[in-house]
Structures are given as C-alpha cells and as structure tokens.
Amino acid sequence: MPELPYLALLLIGLLGGTHCIGMCGGIVGALSMGAPARISLHLAYNLGRVTSYATAGAIAGALGQAGMALSGQWPLRSALYVLANLMLVALGLYLMGVTRALAFSERAGQKLWRHLQPLSRRYLPARTAAQAFPLGLLWGWLPCGLVYSALATALTSGSAWQGAGLMLAFGVGTLPNLLLAGLLAARLQAYARQPVVRMLSGLLILGFGVWGLLSLPALTRLVPWN
C-alpha cells in the first residue's frame with residue numbers, strides 16, 4: 001500500500017518524541033529567551049523546522065531518483081530500503097540504551113548548533129512569528145539520528161516530491177512532543193528521560209525496522225521496483 005511509508009514515518013516521528021525532547025527540548029525552551037510561551041511562537045518554530053525537513057526530504061528523494069536512474073532501480077533501491085530499516089533498528093536500540101551507535105549525531109548536532117547560533121541572534125528573543133519561523137528553519141538542519149533514519153527512507157521514495165512528502169509526514173509526527181516541550185519545558189523533558197518511556201518507544205521503532213527487513217522478500221515479488 002503506497003500510503004504505508006507515510007503512516008510509518010508519521011508514527012516514527014511521534015514515537016521518537018523522547019529522542020526529540022532529549023536532544024532539542026533545551027533548544028526549544030531557550031529560543032524565546034524570556035518571551036512569553038505563546039502557542040503562535042512555537043507553531044512558527046515548528047513550521048520552520050518541518051519546512052527544513054521537507055526540503056531535506058526533497059533533496060534526498062531527488063538524489064535517490066538520480067542514483068536509481070544511473071545504476072538500475074532494483075539493486076540500489078533494495079539496498080536503500082535495507083539501509084533505511086537498519087537505521088530504524090539502530091535508532092530503536094539507541095533509545096532503549098542498548099547501543100550508543102547514533103550518539104555521534106547528537107554530539108555533531110550540538111557542535112553545529114554552536115555555529116548556527118550566531119545566525120539566530122538577529123531573531124532572538126523571538127517575540128513574533130516572523131522572528132520564530134527562521135529560527136525553526138535553522139533548527140531543522142541540526143544533525144539528528146532520528147532525522148537521518150527518516151531521510152534514509154526518503155532516499156528510497158523515487159522522487160523529490162515523494163521524499164518531501166515523507167519527511168513532511170515525519171515532521172508532523174514530531175509536532176506534538178516538541179510543541180509540548182516548548183510549552184511545558186522541564187516537566188516534559190523529565191518525563192521523556194524515564195527509562196520505561198524510552199524503552200517502549202525504542203521497542204516500537206525497532207519493531208518498524210525489523211518488520212521492514214522481514215518484508216523485503218515479499219516486496220521483491222509484489223512491487224515493480226524497475
């Protein structure tokens with residue numbers, strides 16, 4: 001079913017909220033720097049962030065389409081499909097605390113944010129949506145293992161439009177957690193760090209990855225990859 005990848009990324013964005021809050025919750029809380037915690041500001045932040053995700057998805061989809069056109073669809077598309085699901089397995093294990101394989105993305109993200117932060121000074125403190133939106137655009141390019149996992153799926157989409165749509169679905173899935181993180185700040189971050197919450201989220205995302213890998217033989221028979 002063609003809508004399944006969109007639903008899967010929507011749910012992965014939602015389930016990965018513990019990861020988002022842990023990595024970005026502090027940034028969300030700091031963006032307004034004392035400005036009132038108005039819902040309009042946080043909507044603008046997140047609109048900018050999701051716009052960047054969709055742009056990255058379009059780039060990934062276009063690159064995947066070009067690569068498949070050059071090398072033949074079946075070998076590369078199947079390899080990208082396996083990579084996308086292995087990334088989900090790694091992310092699930094990471095959230096569960098089994099492995100630190102994706103920890104480098106958080107470290108890289110914090111380093112990149114220090115370089116991007118000077119660009120944001122003209123918008124801080126954000127007191128209007130016009131100031132908040134570009135902050136969200138910058139925030140959306142922070143390296144993140146959860147985003148990389150979604151982008152790996154966008155690579156298999158076969159077009160820029162579908163890649164953008166997949167990352168849009170993923171971004172929408174992340175909205176509830178990060179909107180709440182901006183409005184509730186420390187209380188939600190403490191909840192997200194609870195071992196049982198991260199374990200359940202990790203197990204569900206791990207399940208998506210394992211299910212995808214087990215589905216590959218069936219897809220090779222049912223889906224016209226070339």
With [X] via side-chain contact (heavy atoms from CB on, under 4.5 Å) - residues at least two apart:
X      : value
Leu11  : Leu7, Phe208
Ala132 : Leu41, Ala44, Tyr45, Ala126
Ala152 : Ala84, Met87

- Within the side chain of Tyr6, is there an N or O that forms a donor-acceptor pair under 3.5 Å with the backbone of Leu168? no
- Examine distances only and state if a side-chain atom of Gln162 and a backbone atom of Ser159 form a donor-acceptor pair shorter than 3.5 Å.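 Between the backbone of Ser159 and the side chain of Gln162 there is no qualifying donor-acceptor contact (under 3.5 Å).
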Can you tell me how far the [atom1] atom of [X] sits from the [atom2] atom of [Y], to the nearest 0.5 Å?
X      : Y      : atom1 : atom2 : value
Ile12  : Leu88  : CD1   : CG    : 4.5 Å
Leu146 : Leu151 : CG    : CG    : 10.0 Å
Thr174 : Asn46  : OG1   : CG    : 6.5 Å
Leu213 : Tyr81  : CG    : OH    : 7.0 Å

Using the rule that two of Ile, Leu, Val, Met, Phe, Trp, Tyr join whenever any of their side-chain heavy atoms come within less than 4.5 Å, decide whether [X] and [Y] are in one cluster.
X      : Y      : answer
Leu204 : Leu9   : yes
Phe133 : Val172 : no
Leu47  : Leu135 : no
Leu86  : Leu206 : yes

- Message: So, using side-chain hydrogen bond (donor to acceptor under 3.5 Å, both in side chains) as the criterion, who are the partners of Ser52 when residues are at least two apart?
- Response: Trp141
- Note on the structure: Note: Ser157 and Gly61 closest approach over all heavy atoms is OG-CA, 3.7 Å
- Task: Supply the members, apart from Trp161, of the Ile/Leu/Val/Met/Phe/Trp/Tyr cluster built from side-chain contacts under 4.5 Å; use none for a lone residue.
- Result: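 Its cluster partners, ordered by chain and number, are none at all.
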- Is any side-chain heavy atom of His42 less than 4.5 Å from a side-chain heavy atom of Leu175? no
- Considering the options Thr153, Thr55, Val147, which one meets the side-chain contact (heavy atoms from CB on, under 4.5 Å) requirement together with Met167?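 Result for side-chain contact (heavy atoms from CB on, under 4.5 Å) with Met167: Val147.
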